[in-house]
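Inspection log for the structure reproduced underneath, given as structure tokens.
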Amino acid sequence: MPVNKVSTAIELRFDVRLSSALPEPVRARLYRLSGSRLTLDGVLVLVAQEHRSQELNRQAALARLVDLVREAARPPPPPRKKTRPTYASKLKRLEGKSKRSSVKAMRGRPRGDD
């Protein structure tokens with residue numbers, strides 16, 4: 001909940017495009033993570049206004065920037081390895097389906113075969 005927005009708010013700006021501290025893959029992931037906080041010029045804008053003190057808001061904005069850069073620096077997960085179901089699991093599945101089918105077939109009205 002914002003408190004004293006006008007006098008203590010902090011707007012932290014970080015130029016992602018011109019930053020020489022970030023390697024290219026990290027910069028690309030940071031672009032994707034930033035979303036609507038990124039301007040057309042490639043500047044990341046973080047606004048902090050949670051605290052009553054300007055210094056605490058400054059620290060909060062800086063902490064959020066550090067968290068965002070850490071998240072972008074983490075390597076992406078490895079791609080999923082495709083697997084196939086085992087023969088036994090296929091048989092078990094088909095057996096279960098046929099059992100279910102027979103249970104449902106028994107639910108109908110009795111046939112008048114007499």
Side-chain angles (χ1 to χ4, degrees):
M1 180 187 262
V3 179
N4 291 338
K5 291 194 287 190
V6 178
S7 61
T8 60
I10 289 291
E11 186 175 278
L12 178 69
R13 293 177 165 271
F14 179 71
D15 198 339
V16 178
R17 193 179 343 171
L18 298 180
S19 173
S20 60
L22 300 175
E24 190 55 44
V26 174
R27 190 174 304 142
R29 283 194 293 273
L30 187 58
Y31 260 99
R32 264 185 270 118
L33 282 173
S34 298
S36 62
R37 296 173 287 197
L38 200 65
T39 65
L40 294 175
D41 300 329
V43 176
L44 177 65
V45 179
L46 296 172
V47 178
Q49 55 190 17
E50 302 91 46
H51 303 285
R52 288 180 181 269
S53 146
Q54 202 170 42
E55 184 57 38
L56 287 177
N57 281 331
R58 189 174 289 124
Q59 290 172 5
L62 200 55
R64 276 197 272 159
L65 176 65
V66 168
D67 288 343
L68 207 56
V69 171
R70 277 201 184 118
E71 178 74 24
R74 248 191 327 194
R80 181 185 171 278
K81 195 182 281 188
K82 291 183 179 178
T83 58
R84 299 174 88 177
T86 62
Y87 181 70
S89 69
K90 284 182 185 177
L91 288 179
K92 185 177 175 185
R93 179 180 143 266
L94 291 175
E95 184 182 321
K97 285 170 78 79
S98 64
K99 277 184 185 177
R100 190 76 185 143
S101 171
S102 65
V103 165
K104 287 190 171 191
M106 297 297 287
R107 286 188 188 154
R109 290 181 181 237
R111 291 195 181 122
D113 289 340
D114 347 71

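Computed over heavy atoms, backbone and side chain alike; hydrogens, waters and symmetry mates excluded. Note that the structure is predicted; figures quoted are calculated from it, not measured.
For Ser101 and Ser98, the side-chain atoms include no donor-acceptor pair closer than 3.5 Å.
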List the steps and the verdict of side chain to side chain contact (heavy atoms under 4.5 Å, CB included) for Val16 and Leu38.
CA-CA 9 Å; Val16 178; Leu38 200 65; 4.1 Å; yes

Side chain to side chain contact (heavy atoms under 4.5 Å, CB included) evaluation trace for Glu11 with Val45:
CA-CA 7 Å; Glu11 186 175 278; Val45 179; 3.6 Å; yes

Check the pair Leu46, Leu62 against side chain to side chain contact (heavy atoms under 4.5 Å, CB included), reporting the backbone distance first and the verdict last.
CA-CA 9 Å; Leu46 296 172; Leu62 200 55; over 6 Å; no

Would you check, one step at a time, whether the test side chain to side chain contact (heavy atoms under 4.5 Å, CB included) holds for Glu95 with Lys92?
CA-CA 5 Å; Glu95 184 182 321; Lys92 185 177 175 185; 5.7 Å; no

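Atom CZ of residue Arg70 and atom CG of residue Leu65 lie 10.5 Å apart, to the nearest 0.5 angstrom. For the atom pair Thr8 OG1 and Glu50 CD, the distance stands at 9.5 Å (nearest 0.5 Å).
Residues that satisfy the salt bridge (Lys or Arg N to Asp or Glu O under 4.0 Å) test with Lys82, not counting sequence neighbours, are absent from this structure. Under the salt bridge (Lys or Arg N to Asp or Glu O under 4.0 Å) criterion, Arg107 pairs with no residue at all, not counting sequence neighbours. Under the rule for a salt bridge (Lys or Arg N to Asp or Glu O under 4.0 Å), Arg17 has no partner lying at least two apart in sequence or in another chain.
At least one donor-acceptor pair closer than 3.5 Å links the side chain of Ser53 to the backbone N or O of Leu56. Proximity of a side-chain donor or acceptor of Arg64 to a complementary backbone N or O of Val47 within less than 3.5 Å is detected. Side-chain atoms of Asn57 never come within 3.5 Å of backbone atoms of Ile10 as a donor-acceptor pair (strictly under, hydrogens ignored). For Asp15 (side chain) and Val43 (main-chain N/O), no donor-acceptor pair under 3.5 Å exists by modelled atom type. For Arg27 (side chain) and Leu22 (main-chain N/O), a donor-acceptor pair under 3.5 Å exists by modelled atom type. Checked by atom type and distance alone, the side chain of Arg29 never pairs as donor or acceptor with a backbone atom of Pro75 at under 3.5 Å.
Across Ser19 and Phe14, no two heavy atoms sit closer than the pair OG-CZ, 3.6 Å. Closest non-hydrogen pair, Leu30 versus Ser34, comes out as O-OG, 2.6 Å.
Residues Val26 and Leu33 fall within the same hydrophobic cluster, defined by Ile, Leu, Val, Met, Phe, Trp and Tyr side chains chained together at heavy-atom separations under 4.5 Å.
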